[in-house]
There are 2 protein chains.
Amino acid sequence: MVTLADVARHAGVSASTVSYVLSGKRSISAATRERVTRSIAELGYHPHAGARALASSRSDIIALMMPLRTDMYVPVMMEIAVAVATTARSYGHDVLLLTGEEGPEAVRRVVGSGLADAMILMDVELDDARLPQLAASGTPAVLIGLPADTTGLTCVDLDFAAAGALCAAHLASLGHREIAVVGEAAAVYERHTGFAERTVAGLRERAAALGLRMLHRPCEGGYDAMAATLARVFDERPGTTGFVVQNEKAVDPLLSLLRRQGRAVPEDVSVVAVCPEQVATDASVPLTSVAVPAHEMGRRAVDLVMARSGARERGEDLADRVELLPPELTVRASTGPAPAAR
Amino acid sequence: MVTLADVARHAGVSASTVSYVLSGKRSISAATRERVTRSIAELGYHPHAGARALASSRSDIIALMMPLRTDMYVPVMMEIAVAVATTARSYGHDVLLLTGEEGPEAVRRVVGSGLADAMILMDVELDDARLPQLAASGTPAVLIGLPADTTGLTCVDLDFAAAGALCAAHLASLGHREIAVVGEAAAVYERHTGFAERTVAGLRERAAALGLRMLHRPCEGGYDAMAATLARVFDERPGTTGFVVQNEKAVDPLLSLLRRQGRAVPEDVSVVAVCPEQVATDASVPLTSVAVPAHEMGRRAVDLVMARSGARERGEDLADRVELLPPELTVRASTGPAPAAR
DNA sequence: TTGAAAGCGCTAACAC
DNA sequence: GTGTTAGCGCTTTCAA
């Protein structure tokens, strides 16, 4: 193995000089830098990660904790993870992948061993068991999602309440008076992941303000579950002309069922979705939708966690910071004027 | 920070004894082990990962390299990644997440720095640029997917050729004589990822053997692309009664379009899919399918890479090993006797 | 069954 | 602008 000492000898300088050329932490003459750089290339030197971590007590690794669950829309998780990994690289960091399986213990293990020096948690629950552990460790961390108590925490998420409000306002502006919300699986609400509730709260509030009647129904997703939900909706509110869907697995079934029932979209019924862009554009009717900005969320999470790490090294202490990304509604082919208003 | 020396002092033993209690590499009296274990717990000691890696030159980290692409079915990638992470933990290892973005350079960096001591590559292409780099580094590695030349490599994958053959045989046994294959996006074939070609090859061969006429058409997926593909198929082969789909994004559109055209599944047309179980069971008609065993692939990849690492430490050298998982066809509601045969 | 001690390769004062 | 040197916390011979 090629070591720093080998490079130093080859370049005719001391070890520390090589180290400083690499870290840029002190000024080096152009000539020396040149010689060292050349030696590094010639010998094919790579600094040993473990040795560096030991000496500097920084591993340059961010741990990313993912949920194991399957009731969430997986591509969003994946897009966040990829965004985290690529953004981390742009900061010269790598990403350690942890699954939720180990639970709070993983936080202790990874941070206690110095394996990672920062952490990003995905799919945070309102009352997440990992948070006390994290707070106690003092590790710079960023949550994707919003827990009940954000004191001392940094969080990133889509502003789901605003997203809900946006959907309600859009349908109202088209003259719809009765709308139905097809939500996530009941388990998602029971787990209190937060985002689903926040969307519904935003919808409800704006709907009330605009004088809309609104019905909210959780839905497991899939064809059969959607069929049952849809039947119930039209049974209870035959006058429903607008749908808001926040459940990727319910999108295709919903459109397919409406078609089969002879309800044209958007002539008879309008549909707005809260979902990733691709789901909206790939649907049988391109959907008017509020995008879940997965990539942006991953990127911001890394930006924030790096800022926190930097602050910590400078001895600053950071205030809580909750960053809610503003939703954007894109109008496509699935929404139009309410039938009565035409 | 609590160090090994702290534990040793607290337990009244030497540092090496603590180390050996932890590693189990030499026998320790029950009494001593007990004292040491207690001290570790009391002090809340966690070995420093960097120091350990430096002294032992093993990081206990497996690097997992994922593709960045979006034309693959993402949940499969994700399920493999989660399976890799959880299986790795059962071996006491962690997983470093690399995206394909850095390309071959990532292999050099991660292995050269001793950050990871083994590697798993996903979505390997027939002529993958990372392979020479890997071979040169001598790092224990396992590929998920099959390159053109597997000399000296360990690979895991579904036996897609056998999967194709199984689909052809199933349709033939039901009396179908003309079948159409809806494949992955053209880009997937152009990239020569292998799996798509292998499925088609297996289909073609068995179809020929059983006297089936077969048409193969790549498809981008999504509603519009599927509509165009379907029109062409029935235009060229009006007698087509069986479909094989290997494209998750085409499944729902295909079923939806057939329904709209008044072709009942499975009475008029049978459909077999090569896809994850969930896609098959969630479809509007539960699909007869050959599952892509994502979890199993991730798990086996870790098993094999750990075996390779172990062998390397014992100085053995391993022969090539290509492990093709046997496909299983599950009959559901989307296939039935060919109309003519009823 | 246990201890002593020599590194592993790098960083970061401290000198000049 | 550069060199010297003392660790960082652990593993592993070597010795007892």
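In what follows, chains carry the letters A, B, and so on, assigned in the order in which the sequence lines appear, proteins first and then strands, with residues in each chain numbered from 1.
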In whole angstroms, how far is the [atom2] atom of [N] from the [atom1] atom of [X]?
X	N	atom1	atom2	value
A:Asp60	C:dT11	CG	C1'	13 Å
B:Ile28	C:dT1	CD1	P	8 Å
A:Leu4	D:dC8	CG	P	19 Å

Distance check: side-chain N/O of [X] vs OP1/OP2 of [N], anything under 4.0 Å?
X	N	value
A:Ser19	C:dT11	yes
A:Thr32	D:dT2	yes
B:Ser56	D:dC10	no
A:Lys25	C:dT11	no

Given the structure, check if the side chain of [X] and the base of [N] hold any donor-acceptor pair shorter than 3.5 Å.
X	N	value
A:Arg52	D:dG9	no
B:Ser29	C:dT2	no
A:Arg26	D:dG3	yes

* Of all the heavy-atom pairs spanning A:Met66 and A:Ala81, show the shortest one and how long it is. =>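 Taking A:Met66 first and A:Ala81 second, the nearest heavy atoms are CE-CB, 3.3 Å.
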* Would you kindly compare B:Val13 and A:Tyr20 by the position of their nearest DNA chain C nucleotide and give the one closer to the 5′ end? =>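 The 5'-side residue here is B:Val13.
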* DNA chain C: 5'-proximal contact among B:Thr17 and A:His46 (nearest heavy atom) ->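 Upstream on the strand: B:Thr17.
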* Asked: Stepwise, does the side chain to side chain contact (heavy atoms under 4.5 Å, CB included) test hold for B:Ile62 with B:Met306?
  -> CA-CA 9 Å; B:Ile62 300 171; B:Met306 294 313 300; 3.9 Å; yes
* To do: Report which part of the nucleic acid A:Thr3 touches: base, sugar-phosphate, or nothing (heavy-atom distance under 4.0 Å, all strands).
  =>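 Sugar-phosphate, backbone atoms only, no base.
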* For B:Ser23, report the nucleic acid contact type (base, sugar-phosphate, nothing); a contact means any heavy atom under 4.0 Å. =>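 Nothing, no heavy atom under 4.0 Å.
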* Salt bridge flag under 4.0 Å for residues A:Glu323 and A:Arg300 ->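 Looking at A:Arg300 together with A:Glu323, the answer is yes, because their closest N to O distance falls below 4.0 Å.
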